[in-house]
Structures are given as structure tokens and as C-alpha cells.
Amino acid sequence: MTPALSRHSDHVRLTVRLTPNGGRDAMDGWETGADGEGHLKARVSDPPDKGKANKALIVLVAKAAGVAKSAVSLVSGDTQRKKILRIEGDPEDIVSRLESAVPR
């Protein structure tokens with residue numbers, strides 16, 4: 001399991017580094033930052049205006065994790081590039097789907 005994912009009893013926490021205005025919506029892979037912490041590199045085509053990029057990120061992650069949009073929520077990082085998402089559901093299924101959906 002990648003360090004960007006942490007399993008809990010009824011959800012998964014995912015750390016993401018988001019690039020808004022990225023030209024397309026995509027997950028670009030797992031990365032370890034200069035601080036030594038892992039994160040998912042993601043980009044969305046929407047601008048960081050009025051939460052549009054955050055909403056696009058939620059849609060992108062929900063689709064990859066195989067859950068409804070309402071099961072994904074932003075825990076922290078509303079206006080920062082680095083964000084923490086909470087994904088409700090079976091942790092085993094979510095981790096498996098995300099790890100297979102994201103290129104290495």
C-alpha cells in the first residue's frame with residue numbers, strides 16, 4: 001500500500017497534490033515529496049475558482065475508487081495544493097481500486 005493511503009475501519013484517507021488548470025483530468029501517479037510524505041499527483045482542467053478544482057478532484061477520485069461522489073469529502077487543504085480526502089466505504093475495495101487505477 002502506498003504511503004498516500006491510510007486505512008481506517010470504515011474509510012480511507014488519501015493525500016493528494018492537485019494541479020488545477022492542468023489541461024485534463026488525470027491521476028499522474030504516486031510520489032514522495034521533499035518532506036518524505038507520499039501523495040497522489042493529480043491534475044484537473046478546472047480552475048481553482050470557487051472550489052471548482054476541488055469538485056473536479058472529488059469526481060475524479062470517486063470514479064477511480066468506485067464510489068459515489070457523496071462518499072468522497074475534503075478533510076483539509078481547501079485552498080492549498082496538498083489535500084486530504086476521506087473516502088467512505090470498504091477500505092480493502094477502495095485501496096485495491098485506487099492502486100490499480102493509478103499508474104506507477
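If you're wondering where the values come from, they're calculated on a predicted model, not measured in any experiment. Hydrogens, waters and symmetry mates play no part in the numbers below; they use all other heavy atoms, side chains included.
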query = Which pairs, with at least one residue in residues 63-76 and sequence neighbours excluded, count as a side-chain hydrogen bond (donor to acceptor under 3.5 Å, both in side chains)?
reply = none
Would you give me the side-chain donor-acceptor pairs under 3.5 Å for residues 22-40, sequence neighbours excluded?
| residue | atom | partner | partner atom | Å |
| --- | --- | --- | --- | --- |
| Asp25 | OD1 | Ser45 | N | 2.7 |
| Asp25 | OD1 | Ser45 | OG | 3.3 |
| Asp28 | OD2 | Arg43 | NE | 2.8 |
| Asp28 | OD2 | Arg43 | NH2 | 3.1 |
| Glu31 | OE1 | His39 | NE2 | 3.1 |
| Asp35 | OD1 | Glu37 | N | 3.0 |
| Asp35 | OD2 | Lys82 | NZ | 3.3 |

inquiry  = How long is the straight-line distance from CG of Leu5 back to CD1 of Ile87, given to the nearest 0.5 Å?
reply    = 7.0 Å
task = Mind listing the closest non-hydrogen atom pair of Ser100 and Arg97 along with its distance?
result = OG-O, 3.0 Å
Side-chain donor-acceptor contacts of residues 46-53 below 3.5 Å, not counting sequence neighbours, with atom names and distances?
none

inquiry  = Rounded to the nearest 0.5 Å, what separates atom CG in Asp90 from atom CZ in Arg7?
reply    = 9.5 Å
ask   = What pairs with Val75 under side chain to side chain contact (heavy atoms under 4.5 Å, CB included), at least two apart in sequence or on another chain?
value = Arg13, Ile84, Arg86
query = How close do Leu98 and Ala64 get, heavy atom to heavy atom, and via which atoms?
reply = CD2-CB, 3.9 Å
remark   = Across all chains, not counting sequence neighbours, the side chain to side chain contact (heavy atoms under 4.5 Å, CB included) partners of Gln80 are none
query = Same cluster or not: are Val59 and Leu85 linked, directly or through other Ile, Leu, Val, Met, Phe, Trp or Tyr residues, by side-chain heavy atoms under 4.5 angstrom apart?
reply = no
message = Which heavy atom of Glu88 sits nearest to which heavy atom of Ile94, and what is that distance?
response = O-CD1, 3.7 Å
key: Residue pair Leu18 / Asn54, side-chain heavy-atom distance below 4.5 Å   = yes
